[in-house]
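A quick write-up on the structure given underneath.
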Amino acid sequence: MKDLVEVITKALVDHPEEVVITEKNEGKAIVIEVKVADSDMGKVIGKQGRIAKAIRAVVKAAAAKEDKKVIVDIA
């Protein structure tokens with residue numbers, strides 16, 4: 001899941017070298033934290049959070065195939 005989020009995020013931003021993705025296991029859920037440069041934050045979130053919702057939907061669909069719960073947190 002981490003790789004999927006990383007590929008999507010790096011494609012969206014102007015500074016892909018500043019993208020940092022961390023993955024933590026918290027019980028039955030996997031938390032993926034995305035950190036980007038301040039100037040790229042709007043590109044990852046999108047207007048009214050549409051891009052962030054789309055990223056979460058793609059990850060949720062991929063996680064459903066593996067019967068896991070994944071939470072994407074954009075920091």
What residues form a side chain to side chain contact (heavy atoms under 4.5 Å, CB included) with [X], not counting sequence neighbours?
| X | result |
| --- | --- |
| A52 | R56, I74 |
| I51 | L12, I55 |
| A61 | none |
| A54 | none |

- When clusters are formed by joining ILVMFWY residues with side-chain heavy atoms under 4.5 Å apart, either directly or through shared neighbours, do M1 and V19 land in the same one?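 Both belong to a single hydrophobic cluster.
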
- Message: Hydrophobic clusters here meaning ILVMFWY residues chained together by side-chain heavy-atom distances under 4.5 Å, can you tell me if V31 and I21 are in one?
- Response: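 V31 does not cluster with I21.
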
- Message: So if I apply the side chain to side chain contact (heavy atoms under 4.5 Å, CB included) rule between V34 and each of V5, I8, D73, which one comes out positive?
- Response: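 Result: among V5, I8, D73, V5 is the only option passing the side chain to side chain contact (heavy atoms under 4.5 Å, CB included) with V34.
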
- Could you note down all residue pairs passing side-chain hydrogen bond (donor to acceptor under 3.5 Å, both in side chains) where residues 8-18 supplies at least one of them, sequence neighbours left out?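 As it turns out, the side-chain hydrogen bond (donor to acceptor under 3.5 Å, both in side chains) pairs with a partner in residues 8-18, which skip direct neighbours, are E6-K10, D14-K43.
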
- For residues I32 and I71, determine if any side-chain heavy atom of one lies less than 4.5 Å from a side-chain heavy atom of the other.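 They are not in side-chain contact.
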
- Any pair with a residue in residues 57-69 that passes salt bridge (charged side-chain N to carboxylate O under 4.0 Å, His left out), sequence neighbours left out, goes on the list, sorted by first then second residue, please.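 Residue pairs passing salt bridge (charged side-chain N to carboxylate O under 4.0 Å, His left out), neighbours aside: E66-K68.
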
- Message: Using the side-chain hydrogen bond (donor to acceptor under 3.5 Å, both in side chains) criterion, which residues pair with N25? Sequence neighbours excluded.
- Response: none

- In the hydrophobic cluster built from side-chain contacts under 4.5 Å, what are the other members alongside V20?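 None; V20 is a cluster of one.
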
- Query: NZ/K2 to CD/E33 distance, rounded to the nearest 0.5 angstrom?
  - Reply: 11.5 Å

